[in-house]
Amino acid sequence: MVDAVHIPSNFIHQIIDSDLANGKNGGRVHTRFPPEPNGYLHMGHAKSICLNFATALKYGGKCNLRFDDTNPEKENLEYVESIQASIRWLGFDWEDRLYYASNYFDQLYDYAVALVSQGKAYVCSLTPDQAREYRGTLTEPGRNSPDRERSMEDNLDLFSRMKNGEFADGTYTLRAKIDMASPNINMRDPVIYRIRHAHHHQTGNKWCIYPMYDYTHCISDAIEGITHSLCTLEFEDHRPLYDWILDQLDVPHHPQQIEFARLNLNYTVMSKRKLKQLVDEKLVNGWNDPRMPTLEGMRRRGYTPAAIRNLIEIAGISKSNSVVDVGMLEHCLREDLDRTSPRAMCVLRPLKVVLTNYPAEKTDILGMSRHPKDESMGERSMTFTRELYIDRSDFEEVPPPKFKRLVPGGEVRLRGAYVIRCDEIVKDAAGNITELHCSCDMDTLNKNPEGRKVKGVIHWVSASNSISCEVRLYERLFTHENPDSAEGDYRDKLNPDSLVVLSDCRAEPSLASAQPEERFQFEREGYFCADRFDSKPDGLVFNLTIGLRDTWGKIQNT
RNA sequence: UGGGGUGUCGCCAAGUUGGUAAGGCAACGGAUUCUGAUUCCGUCAUUCGUUGGUUCGAGUCCAGCCACCCCAGCCA
């Protein structure tokens with residue numbers, strides 16, 4: 001459990017401060033994160049998780065995990081498990097407070113009976129189509145159901161028979177009796193129970209009627225003693241119903257619902273429907289594809305929980321619909337990764353370099369710090385040999401202006417080793433560069449050459465003393481800032497280069513022991529992590545989490 | 001054209017009793033650097049959707065207007 005998540009004060013905390021000052025709730029603060037187990041958690045959920053848990057932490061309160069499992073047909077255990085794993089991974093702990101709305105089905109039923117007994121709810125036989133027609137429109141009031149004045153006795157009997165399984169799905173519903181003319185459509189006698197002969201992942205076949213969200217959520221909150229029920233903006237219109245239900249019933253407590261804006265990020269989609277479509281149409285490789293904004297995908301990609309938490313912190317909590325720039329997330333990521341990742345060298349696109357003046361049998365064992373600013377990470381060693389690999393992008397036969405890497409006749413420093421000069425370019429029959437013949441200035445180990453400045457520093461690996469590995473390079477899934485925008489299908493805005501697999505990269509020997517999910521900074525390239533599922537000791541696979549800031553690349557593109 | 005919300009710098013976002021626009025991201029300069037990384041300095045809203053009004057004084061109060069988001073599931 002992270003003990004310090006700082007959500008900066010926001011309008012919700014101001015409400016809580018004022019509640020506390022007024023002695024409301026006996027000084028308690030109790031929140032909950034209430035996912036429906038009908039899919040995997042994504043970045044949007046992370047906001048709610050952080051807000052709810054961090055708020056509890058800030059005020060010395062508690063936060064429950066409650067599965068809002070009132071629609072069995074869409075839910076399953078796999079989601080229940082994945083959701084818990086993701087919340088733990090993010091760094092939060094609900095201790096012994098894991099609940100399910102289905103825990104309350106008996107109480108919920110009793111409360112419904114109480115409502116019927118008070119004449120505040122009735123059994124309705126309208127079909128879904130009829131119900132829609134009776135509901136009216138945004139600008140016209142609805143009409144009362146013909147069943148609205150059914151006697152309390154008959155309602156009780158019918159509701160009990162609904163529960164006992166005497167009726168088929170869709171034949172009856174239980175509706176709250178409120179006001180069919182309300183300008184708020186949620187108040188036009190909303191359905192609170194429907195018949196569903198479906199197996200439930202928690203309650204099995206015990207029930208064939210299931211309570212609706214609006215009816216369930218407020219009562220669940222009340223039962224759990226939730227003080228502040230935080231939810232997203234689209235539920236603002238539901239608040240009157242939330243309060244109405246609790247006002248009718250003899251519940252132990254009346255929580256306050258407060259709404260905040262969802263998290264939106266540019267260059268991605270967040271809707272469950274679209275995410276599912278990407279998976280189903282194999283546009284990505286599953287829900288945990290490293291390009292997905294799901295927490296499982298981001299985890300596999302190498303994102304750190306701290307970076308995600310930090311983004312939520314700096315993005316803030318408000319009520320305005322906004323789109324956060326992924327650049328902010330990337331900033332949080334690099335900030336955390338730079339601090340925590342040991343450095344290593346890995347040549348992504350190898351180009352052989354032969355040091356003509358370096359004896360074939362000679363070798364240098366070079367010690368290099370794992371982190372330039374954190375000595376506690378220690379050192380690793382690399383073997384320097386006559387034949388090396390450098391990255392193809394670090395050599396240009398015809399260099400662009402301001403290029404400060406290797407060029408014909410030019411010098412460059414091999415990081416942590418010697419300064420070399422390119423003397424000869426070797427090409428194959430097709431004119432492709434196959435190797436470089438260079439000379440090594442043997443007097444430049446750990447010291448600068450006399451009388452000249454060598455500006456460029458590039459990374460390298462010994463040809464014989466390095467290991468082969470696969471590297472998966474990821475970019476943003478979409479090329480379009482707003483894939484959801486009106487023009488065109490979001491799938492047409494997918495980035496064709498979002499995944500590039502490099503199968504013969506050369507890594508320094510110390511990387512051989514990389515464990516799944518272990519993170520590194522490959523110097524001058526970016527942050528990588530060993531793939532959680534595919535990386536094996538004899539077949540290392542690294543995922544690019546995020547590249548280093550690339551001002552050179554930016555200069556070139558302008 | 002019903003109801004509920006929101007509009008402060010390219011992107012987030014503070015601004016609580018009206019007193020003269022925080023911060024972060026991005027961007028742009030520059031310094032340091034054996035990662036074109038990191039770090040470090042500096043620049044970046046006479047203006048708060050808009051029009052009026054009240055006031056010595058308004059992002060903050062009042063009125064009108066405009067734009068955008070959400071709601072007509074027996075989904076959550």
Side-chain angles (χ1 to χ4, degrees), chain A residues 8-11 14 17-18 34-36 38 68-71 73-74 124 126-128 131-133 135-142 169-175 182-188 190-196 209-210 212-214 216-217 231-240 259 261 266 272 311 313-332 334-335 338-339 343 345 368 372-373 402-405 413-417 419 444 446-448 454-459 521-526 547-556:
Chain A
S9 189
N10 52 65
F11 77 99
Q14 286 169 10
D17 288 338
S18 136
E36 181 188 14
N38 68 345
D68 234 326
D69 55 347
T70 55
N71 190 3
E73 289 165 314
K74 289 189 172 175
C124 178
L126 252 26
T127 64
R132 187 179 319 119
E133 194 187 313
R135 188 156 35 231
T137 68
L138 294 177
T139 51
E140 300 161 303
D169 288 3
T171 50
Y172 288 105
T173 57
L174 183 70
R175 295 227 257 161
S182 173
N184 181 344
I185 293 182
N186 293 301
M187 300 297 270
R188 318 238 264 230
V191 170
I192 59 177
Y193 264 94
R194 76 285 216 186
I195 302 174
R196 282 284 176 285
I209 56 172
Y210 290 95
M212 299 286 288
Y213 164 85
D214 286 305
T216 307
H217 205 91
C231 63
T232 44
L233 254 26
E234 68 270 28
F235 291 104
E236 279 179 313
D237 288 344
H238 296 239
R239 192 178 347 116
E259 311 83 11
N266 55 13
K272 201 165 283 178
L311 171 79
E313 176 184 327
I314 71 169
I317 304 291
S318 76
K319 295 192 69 159
S320 58
N321 285 311
S322 55
V323 181
V324 171
D325 192 328
V326 268
M328 270 205 232
L329 211 209
E330 295 173 345
H331 166 263
C332 292
R334 291 193 179 101
E335 185 179 60
D338 177 57
R339 226 183 60 242
R343 315 281 121 130
M345 292 206 260
M368 283 179 228
K373 291 178 180 168
K402 302 240 180 92
F403 189 76
K404 59 181 204 189
R405 282 113 93 144
R413 159 143 249 140
L414 295 178
R415 184 154 164 80
V419 168
T444 54
N446 293 321
K447 67 177 194 190
N448 288 128
V454 175
K455 269 191 294 185
V457 178
I458 65 174
H459 57 107
Q521 183 200 90
F522 288 174
E523 293 188 282
R524 298 209 317 126
E525 294 288 358
L548 256 24
R549 274 188 63 209
D550 183 15
T551 48
W552 169 240
K554 200 184 296 172
I555 291 167
Q556 282 185 300

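Here is the naming used below: chain letters follow the sequence lines, and residue numbers restart at 1 for every chain.
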What does [N] pair with, Watson-Crick or G-U, if both distances are under 3.5 Å?
N	value
B/rU46	none
B/rG19	B/rC56
B/rA31	B/rU39

Determine the Euclidean distance between corresponding [atom1] atoms of [M] and [N]; express it in Å to zero decimal places.
N	M	atom1	answer
B/rU38	B/rU47	P	34 Å
B/rU46	B/rA21	P	12 Å
B/rG7	B/rU39	C1'	38 Å
B/rC48	B/rC61	C1'	16 Å
B/rA14	B/rA22	P	15 Å
B/rC25	B/rG42	P	14 Å
B/rG23	B/rG19	C1'	22 Å
B/rA26	B/rA72	C1'	41 Å

OP1 or OP2 of [N] under 4.0 Å from side-chain N/O of [X]:
X	N	value
A/T127	B/rC74	no
A/Q14	B/rA14	no
A/R524	B/rC34	no
A/R194	B/rA76	yes
A/R549	B/rG36	no
A/H459	B/rU35	no
A/R413	B/rU35	no
A/S322	B/rA13	yes
A/S182	B/rG3	no
A/T139	B/rG3	no

Would you classify [X] as touching base, sugar-phosphate or nothing, given that sugar-phosphate means primed atoms plus P, OP1 and OP2, and contacts are heavy atoms under 4.0 Å?
X	value
A/T137	base
A/A417	base
A/R135	sugar-phosphate
A/V454	nothing
A/F522	nothing
A/H238	base
A/T173	base
A/R188	nothing
A/K319	sugar-phosphate
A/P372	base

Any N or O donor-acceptor pair under 3.5 Å from the base of [N] to the side chain of [X]?
X	N	value
A/K373	B/rU38	yes
A/Q521	B/rU35	yes
A/R339	B/rU38	no
A/R405	B/rG36	yes

Which atom names give the shortest non-hydrogen contact between [X] and [Y], and what distance separates them?
X	Y	result
A/D237	A/N184	O-ND2, 2.9 Å
A/D68	A/Y213	OD2-CE1, 4.0 Å
A/V324	A/A315	CG2-CB, 4.0 Å

In whole angstrom, give the distance that lies between atom [atom1] of [X] and atom [atom2] of [N].
X	N	atom1	atom2	answer
A/L329	B/rC12	CG	C1'	12 Å
A/M212	B/rC71	CE	P	15 Å
A/I317	B/rA13	CD1	P	9 Å
A/F11	B/rG15	CZ	P	11 Å
A/D338	B/rU38	CG	P	7 Å
A/L548	B/rU38	CG	C1'	9 Å

Q) Using the glycosidic torsion, which applies to B/rG4: syn (within 90° of 0) or anti (everything else)? A)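 Anti, since the glycosidic angle lies more than 90° from 0.
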Q. For A/G456 and A/I195, take the nucleotide of RNA chain B holding the closest heavy atom to each; which residue's nucleotide lies nearer the 5' end?
A.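 Residue closer to the 5' terminus by nearest nucleotide: A/G456.
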(Q) Between A/D325 and A/K554, which residue's closest nucleotide on RNA chain B lies nearer the 5′ terminus? (A)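 Taking each residue's closest nucleotide, the earlier one in sequence belongs to A/D325.
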Q.
Within this structure, what is the CD1-NZ distance for the pair A/I555 and A/K402, rounded to the nearest 0.5 Å?
A.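 One gets 6.5 Å once the value is rounded to the nearest 0.5 Å.
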Q) In Å and rounded to the nearest 0.5 Å, what is the NE2 to SG distance from A/H217 to A/C231? A)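 These two atoms lie 7.0 Å from each other.
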Q) For A/T137, which of A/E133, A/R135, A/E140 qualifies under side-chain hydrogen bond (donor to acceptor under 3.5 Å, both in side chains)? A)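 Result for side-chain hydrogen bond (donor to acceptor under 3.5 Å, both in side chains) with A/T137: A/E140.
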Q. Is A/R239 salt-bridged to A/D214, cutoff N-O under 4.0 Å?
A.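 Result for this pair is no, no salt bridge flagged.
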Q) Are the ring of A/Y213 and the six-membered base ring of B/rA76 within the stacking cut-offs of under 5.5 Å and under 30°? A)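 No, aromatic ring not over the base.
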Q: For nucleotides 65-70 of chain B, just jot down a letter per nucleotide in 5' to 3' order: B, S or -, based on protein non-hydrogen atoms under 4.0 Å.
A: ----SB
Q) Among A/Q521, A/R334, A/E523, whose side chain to side chain contact (heavy atoms under 4.5 Å, CB included) with A/L548 holds? A)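 That would be A/Q521; it is the only one of A/Q521, A/R334, A/E523 passing the side chain to side chain contact (heavy atoms under 4.5 Å, CB included) with A/L548.
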